[in-house]
Amino acid sequence: MERSEALAYLKEHLDNKNLVNHSIAVEQIMIALAQHFAEDTQLWALAGLLHDIDYASTAKDPHLHSQVGADILAAKGFPDELVYAVRVHNDVHGLPRPSLLDKALFAADPLSGLIVAGALIHPDKKLAPLTPEFILKRYGEKAFARGVNREHMATCQELGLSLEEFVAIGLTAMQQVAQDIGL
């Protein structure tokens with residue numbers, strides 16, 4: 001599936017602009033990670049873009065979130081590897097994350113939230129002036145962006161990346177789509 005078609009498909013399921021922007025941010029992080037690891041950029045991008053496709057219908061039931069999304073994507077004929085990565089990005093199911101794709105999506109999802117929160121507290125309310133150091137400082141502040149799961153982000157070490165490297169990759173990636181996501 002081409003990106004434009006995937007984005008339209010996402011928007012059929014998600015009508016919340018912030019959720020769509022989050023999906024675009026995770027997509028961009030996944031593209032950067034795929035390039036870093038010399039993986040299938042299109043597959044990783046689609047996993048990032050579509051990982052929360054079910055959120056509008058499952059937000060109130062975390063036990064359904066990602067299961068419903070994976071089923072939606074499987075029914076549409078997406079590759080099994082992508083479907084599984086979407087399924088396991090929600091740890092409530094207790095499923096293993098054996099592939100690099102699984103691990104990357106699991107860690108990238110909360111990273112986007114931390115970076116957006118950092119932009120929103122910056123005087124410019126933009127991604128451009130942010131640095132990895134700025135984000136890492138906020139990462140250590142427990143009261144900042146409380147909804148961002150730092151333990152999930154820290155699993156970037158399973159990818160062979162330090163937290164510093166991971167944040168730098170993610171921030172640079174999101175800065176490339178700042179205009180698209182309103183930051």
Side-chain angles (χ1 to χ4, degrees), residues 1 3 6 9-10 13-14 19-117 132 135-136 139 145-174:
M1 179 178 285
R3 197 257 181 196
Y9 190 58
L10 176 72
H13 291 85
L14 286 181
L19 288 174
V20 172
N21 287 345
H22 164 71
S23 297
I24 292 169
V26 176
E27 171 194 31
Q28 198 64 29
I29 294 170
M30 292 297 290
I31 289 169
L33 290 169
Q35 292 169 345
H36 179 83
F37 293 113
E39 293 288 335
D40 182 338
T41 304
Q42 183 177 12
L43 178 71
W44 283 44
L46 288 173
L49 183 64
L50 299 170
H51 78 284
D52 278 345
I53 194 164
D54 66 351
Y55 202 79
S57 63
T58 64
K60 294 181 180 175
D61 190 347
H63 289 78
L64 290 177
H65 176 54
S66 79
Q67 295 289 4
V68 171
D71 293 345
I72 289 169
L73 297 174
K76 188 74 170 172
F78 282 92
D80 292 342
E81 183 180 11
L82 182 149
V83 170
Y84 188 77
V86 168
R87 189 177 307 280
V88 301
H89 92 274
N90 179 359
D91 69 338
V92 75
H93 309 303
L95 298 170
R97 290 178 298 279
S99 78
L100 205 57
L101 174 60
D102 302 338
K103 292 171 183 160
L105 183 59
F106 184 74
D109 188 15
L111 176 60
S112 69
L114 185 70
I115 293 171
V116 167
I135 298 299
L136 287 164
Y139 175 91
R146 289 178 196 235
V148 171
N149 191 317
R150 282 138 171 93
E151 290 177 15
H152 292 191
M153 285 178 52
T155 64
C156 66
Q157 294 174 357
E158 295 175 17
L159 299 167
L161 295 172
S162 69
L163 186 60
E164 294 78 12
E165 291 170 312
F166 184 59
V167 167
I169 290 169
L171 177 58
T172 300
M174 285 180 61

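All residue numbers in this chain count up from 1 along the given sequence.
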Participant: List the atom of Leu105, the atom of Gly48, and the distance in Å for their closest heavy-atom pair.
Facilitator: CD1-CA, 4.0 Å
Participant: Quick check against the 3.5 Å criterion: does Asn149 have a side-chain atom that pairs as donor or acceptor with the backbone of His152?
Facilitator: yes
Participant: Inspect the surroundings of CZ in Phe37 and state if more than 12 heavy atoms from other residues, nucleotides or ligands are less than 6.0 Å away.
Facilitator: yes
Participant: Taking side chain as C-beta onward, heavy atoms only, is Val167 less than 4.5 Å from Leu111?
Facilitator: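 Yes, close enough: below the 4.5 Å cut-off.
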Participant: Starting at CZ of Phe166, measure out to CD1 of Ile29 and round the result to the nearest 0.5 Å.
Facilitator: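 Phe166 atom CZ to Ile29 atom CD1 measures 6.5 Å (nearest 0.5 Å).
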Participant: Quick check: do Leu14 and Ile53 have side-chain heavy atoms less than 4.5 Å from each other?
Facilitator: no
Participant: How long is the straight-line distance from CG of Asp91 back to CZ of Phe106, given to the nearest 0.5 Å?
Facilitator: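 Nearest 0.5 Å value for the CZ-CG distance: 4.5 Å.
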Participant: Using a 4.5 Å cut-off on heavy atoms from C-beta on, say whether the side chain of Glu164 contacts that of Leu136.
Facilitator: yes
Participant: Are the side chains of Leu49 and Met30 in contact, using a 4.5 Å heavy-atom criterion?
Facilitator: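 They are not in contact (no side-chain heavy atoms under 4.5 Å apart), so the answer is no.
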Participant: Would you check if the side chain of Gln42 reaches a backbone N or O of Met1 as a donor-acceptor pair within less than 3.5 Å?
Facilitator: yes
Participant: Are side-chain heavy atoms of Met153 and Val148 found at a separation under 4.5 Å?
Facilitator: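 Yes, their side chains come closer than 4.5 Å.
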Participant: Short question: side chain of His93, backbone of His65 - any donor-acceptor pair under 3.5 Å?
Facilitator: yes
Participant: Between Met174 and Val116, does a side-chain contact (heavy atoms from CB on, under 4.5 Å) hold up when you go through it step by step?
Facilitator: CA-CA 9 Å; Met174 285 180 61; Val116 167; 3.7 Å; yes
Participant: Going from CD on Glu165 to NE2 on His36, what distance comes out if it is rounded to the nearest 0.5 angstrom?
Facilitator: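 It comes to 6.5 Å.
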Participant: For residues Gly69 and Val86, report the shortest heavy-atom separation together with the two atoms involved.
Facilitator: C-CG1, 4.2 Å
Participant: Considering all heavy atoms of both residues, which atom of Leu171 and which atom of Pro132 are nearest to each other, and what is their separation?
Facilitator: CD2-N, 3.5 Å
Participant: Which distance, rounded to the nearest 0.5 Å, do you find between the CG of Leu73 and the NZ of Lys76?
Facilitator: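 Spacing of CG (Leu73) from NZ (Lys76) equals 10.0 Å.
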Participant: Set out, in order, the CA-CA distance, both residues' side-chain angles and the distance that settles side-chain contact (heavy atoms from CB on, under 4.5 Å) for Asp52 and His89, then state yes or no.
Facilitator: CA-CA 9 Å; Asp52 278 345; His89 92 274; 3.1 Å; yes
Participant: Start with the C-alpha distance between Leu101 and Tyr84, add both sets of side-chain angles, then the distance that settles side-chain contact (heavy atoms from CB on, under 4.5 Å), and finish with yes or no.
Facilitator: CA-CA 9 Å; Leu101 174 60; Tyr84 188 77; over 6 Å; no
Participant: Minimum heavy-atom separation for Leu43 and Pro79, please, with both atom names.
Facilitator: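 So the two residues come closest at CD1-CG, 3.9 Å.
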Participant: So, for Asp109 and His22, which heavy atoms are closest and what is the spacing to 0.1 Å?
Facilitator: OD1-NE2, 2.8 Å
Participant: With rounding to the nearest 0.5 angstrom, report the NE2 to CD1 distance, His13 to Ile72.
Facilitator: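 CD1 of Ile72 is found 4.5 Å from NE2 of His13.
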Participant: Drop me the distance from Leu100's CG to Glu158's CD, to the nearest 0.5 angstrom.
Facilitator: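 Between Leu100 CG and Glu158 CD, I get 10.5 Å after rounding to 0.5 Å.
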Participant: Would you say Tyr9 and Leu46 make side-chain contact, with heavy atoms under 4.5 Å?
Facilitator: no
Participant: Determine whether Leu33 and Ile169 satisfy the following criterion, side-chain contact (heavy atoms from CB on, under 4.5 Å), listing intermediate values before the conclusion.
Facilitator: CA-CA 7 Å; Leu33 290 169; Ile169 290 169; 4.0 Å; yes
Participant: Does the side chain of Pro96 reach to within under 4.5 Å of the side chain of Val88, using non-hydrogen atoms?
Facilitator: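 The answer is no, as the side chains (C-beta and beyond) never meet within the 4.5 Å cut-off.
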Participant: Locate the shortest heavy-atom distance separating Glu81 from Asp102; write the atom from each residue and the value.
Facilitator: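 The answer is O-OD1, 4.4 Å.
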Participant: Using a 4.5 Å cut-off on heavy atoms from C-beta on, say whether the side chain of Thr155 contacts that of Lys103.
Facilitator: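 Sidechains of Thr155 and Lys103: no contact.
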